[in-house]
Amino acid sequence: KMAADTSVEILQKVLENEILQTTKVVEEHLDAEMQKLDQMDEDELERLKQRRLEALKKAQQQKQEWLSKGHGEYREIPSERDFFQEVKESKNVVCHFYRDTTFRCQIMDKHLTVLAKKHVETKFVKLNAEKSPFLCERLRIKVIPTLALVKDGKTQDYIVGFTDLGNTDDFTTETLEWRLGCADIINYSGNLMDPPFQSQKKFGTSFTKLDKKTIRGKKYDSDSDDD
C-alpha cells in the first residue's frame, strides 16, 4: 500500500509540475505580447489602426458592390438569357430550377430566402424550369427542385432533390447551408466534417424516404407528392 501511495504522490507531483510549466509558458507569452504593445510607439499604433480601418472600408465596399449586383436577396430571374448575365457578373451563384406545381420547390424557397440575406458573398436566384428548356437540356436537369451551383461562370456542382439534405422534407436551413459550404459556394464557418442532420439523427428524428415520381407528359422527375 505504501508503494501505491508513493506512486500516487509521484504522479501528483509530475502533474503539478506539468501544470506549472504550462502556466509559465502562457504567462511568458502574454508578457512578451504586452511588452511588444508597450514598445510600440504612437506611429506604429497609428499605422496598425489605419490598416484595420482600411480593411473594414474594403470589406464595406465589397459588400456594397455585391448588393449592387443583386446579392443579399433571393429573387427570380425572368429568362434563360438573364441567367448567363447573372452568372457572368458574380463569382458565386446558386440557381434554383423550380416549377410552380412542385411543393418541394416552396420548401427550398423558404431556406434560400434566409441564406441569401445571411451570405451576401453569394448570389441566390431562381429560374422556372418549364420556361428554360435550353438550359435544363444543357445542364442535364431532370429532377425538380435542382440547385445549380455556379462558380466563375461554370457549373461546379448540383443539389438534386433533397437526397443530400438528410432525405427529408423537414431538413433545416443549417443543413442546406452545410451542403453549400461543402461545394465552397458560400463562406461557411461551421465544421464541414459534421453535417447538421447527423446530430438530428442522434436525437431520434425520423427521416422519410423520398420517392421520385415521373410526371406523365413532362420530361422532369419530381421530388414532390402533389403533382
Side-chain angles (χ1 to χ4, degrees), residues 62-63 65-99 102 104-169 171-198 210 212 219-224:
Q62 176 66 85
K63 190 179 177 182
E65 190 188 324
W66 282 330
L67 293 174
S68 72
K69 289 176 178 174
H71 294 226
E73 58 172 339
Y74 175 52
R75 58 200 167 81
E76 178 152 15
I77 49 177
S79 70
E80 291 179 310
R81 191 177 293 161
D82 295 283
F83 172 85
F84 294 104
Q85 184 56 40
E86 295 282 359
V87 300
K88 197 165 75 177
E89 65 182 21
S90 293
K91 183 179 172 67
N92 296 314
V93 180
V94 174
C95 184
H96 173 202
F97 286 85
Y98 81 98
R99 198 180 51 203
T102 303
R104 290 200 171 100
C105 291
Q106 294 165 32
I107 296 173
M108 193 63 91
D109 283 343
K110 182 183 73 175
H111 296 296
L112 292 172
T113 302
V114 175
L115 291 175
K117 288 189 180 76
K118 184 175 178 182
H119 290 281
V120 184
E121 73 279 4
T122 301
K123 181 183 281 181
F124 288 82
V125 292
K126 64 191 285 195
L127 186 57
N128 189 323
E130 292 177 315
K131 292 178 184 173
S132 323
F134 168 75
L135 258 179
C136 288
E137 183 77 24
R138 185 171 162 177
L139 300 177
R140 295 194 284 279
I141 289 168
K142 300 271 196 296
V143 172
I144 299 297
T146 286
L147 300 186
L149 312 182
V150 188
K151 192 179 266 291
D152 295 317
K154 295 189 179 78
T155 308
Q156 304 277 13
D157 197 0
Y158 296 92
I159 299 174
V160 180
F162 295 170
T163 312
D164 295 353
L165 306 169
N167 236 358
T168 173
D169 286 1
F171 70 88
T172 61
T173 305
E174 289 72 30
T175 299
L176 179 56
E177 185 178 27
W178 162 82
R179 177 61 182 82
L180 294 172
C182 290
D184 194 29
I185 205 82
I186 58 168
N187 296 339
Y188 185 69
S189 56
N191 179 5
L192 290 173
M193 304 303 286
D194 186 23
F197 55 79
Q198 283 196 350
L210 300 185
K212 286 174 186 159
K219 62 180 175 182
Y220 303 114
D221 280 353
S222 176
D223 250 359
S224 182

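Along the sequence shown, residues are numbered consecutively beginning with 1.
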Is there a side-chain contact between [X] and [Y] (heavy atoms, below 4.5 Å)?
X    : Y    : answer
W178 : D194 : no
V125 : D82  : no
L149 : Q156 : no
L139 : T146 : no

Residues in salt bridge (Lys or Arg N to Asp or Glu O under 4.0 Å) contact with [X], at least two apart in sequence or another chain:
X    : value
R75  : E86
E121 : none
K118 : E177
K88  : none

Can you sort out the partners of D184 under side-chain contact (heavy atoms from CB on, under 4.5 Å), two or more places apart, ordered by chain and number?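 For D184 the side-chain contact (heavy atoms from CB on, under 4.5 Å) partners, ignoring immediate neighbours, are K151.
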Applying side-chain contact (heavy atoms from CB on, under 4.5 Å), name anything that partners V87, two or more places apart in sequence or on another chain.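 Scan of V87 (side-chain contact (heavy atoms from CB on, under 4.5 Å), adjacent residues dropped) gives F83, V93, V150.
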For residues [X] and [Y], report the shortest heavy-atom separation together with the two atoms involved.
X    : Y    : answer
T168 : F162 : O-CD1, 3.6 Å
I186 : F124 : CG2-CZ, 4.1 Å
G161 : V143 : N-CG1, 4.2 Å
C105 : P145 : SG-CB, 3.8 Å
A183 : D157 : CB-OD2, 3.5 Å
L192 : G181 : CD2-C, 3.6 Å

Look up atom [atom1] in [X] and atom [atom2] in [Y], then write down how far apart they are to the nearest 0.5 Å.
X    : Y    : atom1 : atom2 : value
R138 : S132 : CZ    : OG    : 13.0 Å
L180 : T175 : CG    : OG1   : 11.0 Å
E65  : S90  : CD    : OG    : 9.0 Å
H71  : K117 : NE2   : NZ    : 15.5 Å
R179 : L147 : CZ    : CG    : 9.0 Å
C95  : I77  : SG    : CD1   : 4.5 Å

Residues forming a side-chain hydrogen bond (donor to acceptor under 3.5 Å, both in side chains) with [X], sequence neighbours excluded:
X   : result
Q62 : none
K91 : D152
E80 : none
E76 : Y98

Contacts under 3.5 angstrom, residues 107-115 side chains, donor-acceptor by atom type, not counting sequence neighbours:
| from | atom 1 | to | atom 2 | distance (Å) |
| --- | --- | --- | --- | --- |
| D109 | OD1 | Y74 | OH | 2.6 |
| D109 | OD1 | H96 | ND1 | 3.2 |
| D109 | OD2 | K126 | NZ | 3.1 |
| H111 | ND1 | T173 | N | 3.4 |
| H111 | ND1 | T173 | OG1 | 2.7 |
| H111 | NE2 | F171 | O | 3.2 |
| T113 | OG1 | D109 | O | 2.8 |

If we ignore hydrogens and angles and just use 3.5 Å, is the side chain of T122 paired with the main-chain N or O of I185 as donor and acceptor? yes
Donor-acceptor pair, side chain of K69 and main chain of E89, under 3.5 angstrom: yes
